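Inspection log for the structure reproduced underneath, given as structure tokens.
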Amino acid sequence: MHWIRRARLGGDGWEVEPPLSEEAQRYRLEILDGEAVVRTVETTEPRFVWSSAMQVSDFAGGIPDPLSVRVAQRSAVFGWGAETHRLLWR
């Protein structure tokens, strides 16, 4: 899974990656089963590799289609930003 980070300051540009405006990147990704969170991970990159073993652990009966995920970006000043929620189809 991967995503594009949002700009906190300076706006999003079309030609270049938006300015980070933070000391470091940090994201929280939640994988959901309905409304229940089955996995929460934090990463320092706007991507996460969800291994086959993790998938089986999270959804023994098979991965739902669509898969529901939430991502939030961390700010050292403001804490966790607003989550974005997405449905991912296989």
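It should be emphasised that the depicted structure is a prediction, and the values quoted were computed from it without experimental measurement.
- Clustering ILVMFWY residues whenever any of their side-chain heavy atoms sit less than 4.5 angstrom apart, transitively, puts Val56 in a cluster other than the one holding Met1.
- Closest heavy-atom contact between Ala72 and Gly81: CB-O, 3.7 Å.
- Closest non-hydrogen pair, Gly79 versus Arg74, comes out as CA-NH1, 3.1 Å.
- Listed here is the closest heavy atom pair of Gln73 and Tyr27: CG-CE2, 3.7 Å.
- Atom OG in Ser52 sits 8.0 Å away from atom CD1 in Ile63 (nearest 0.5 Å).
- Looking at heavy atoms from C-beta onward, Leu67 lies in side-chain contact with Ile31 at the 4.5 angstrom threshold.
- Taken together through direct or relayed side-chain contacts under 4.5 Å among Ile, Leu, Val, Met, Phe, Trp and Tyr, Leu88 and Val41 form part of one hydrophobic cluster.
- Taking all atoms of both residues into account, the shortest heavy-atom contact from Met54 to Phe48 is SD-CZ, 3.7 Å.
- When each of Arg86, Arg28, Glu83 is checked for a side-chain contact (heavy atoms from CB on, under 4.5 Å) with Arg70, only Glu83 meets the rule.
- Separating the CD atom in Glu30 from the OG1 atom in Thr40 is a distance of 4.5 Å, to the nearest 0.5 Å.
- Glu35 meets the side chain to side chain donor-acceptor pair (under 3.5 Å) test with no other residue; sequence neighbours excluded.
- Of the possible polar contacts, none joining the Glu42 side chain to the Arg26 backbone as a donor-acceptor pair under 3.5 Å is found.
- Closest heavy-atom contact between Trp50 and Arg39: NE1-NE, 3.9 Å.
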Report the C-alpha distance between His85 and Leu32 in whole Å, list the side-chain angles of each, state the deciding distance to 0.1 Å, and finish with yes or no for side chain to side chain contact (heavy atoms under 4.5 Å, CB included). CA-CA 10 Å; His85 178 250; Leu32 307 168; 3.9 Å; yes
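- Applying the 6.0 Å contact sphere to NE2 of His2 captures no more than 12 heavy atoms from other residues, nucleotides or ligands.
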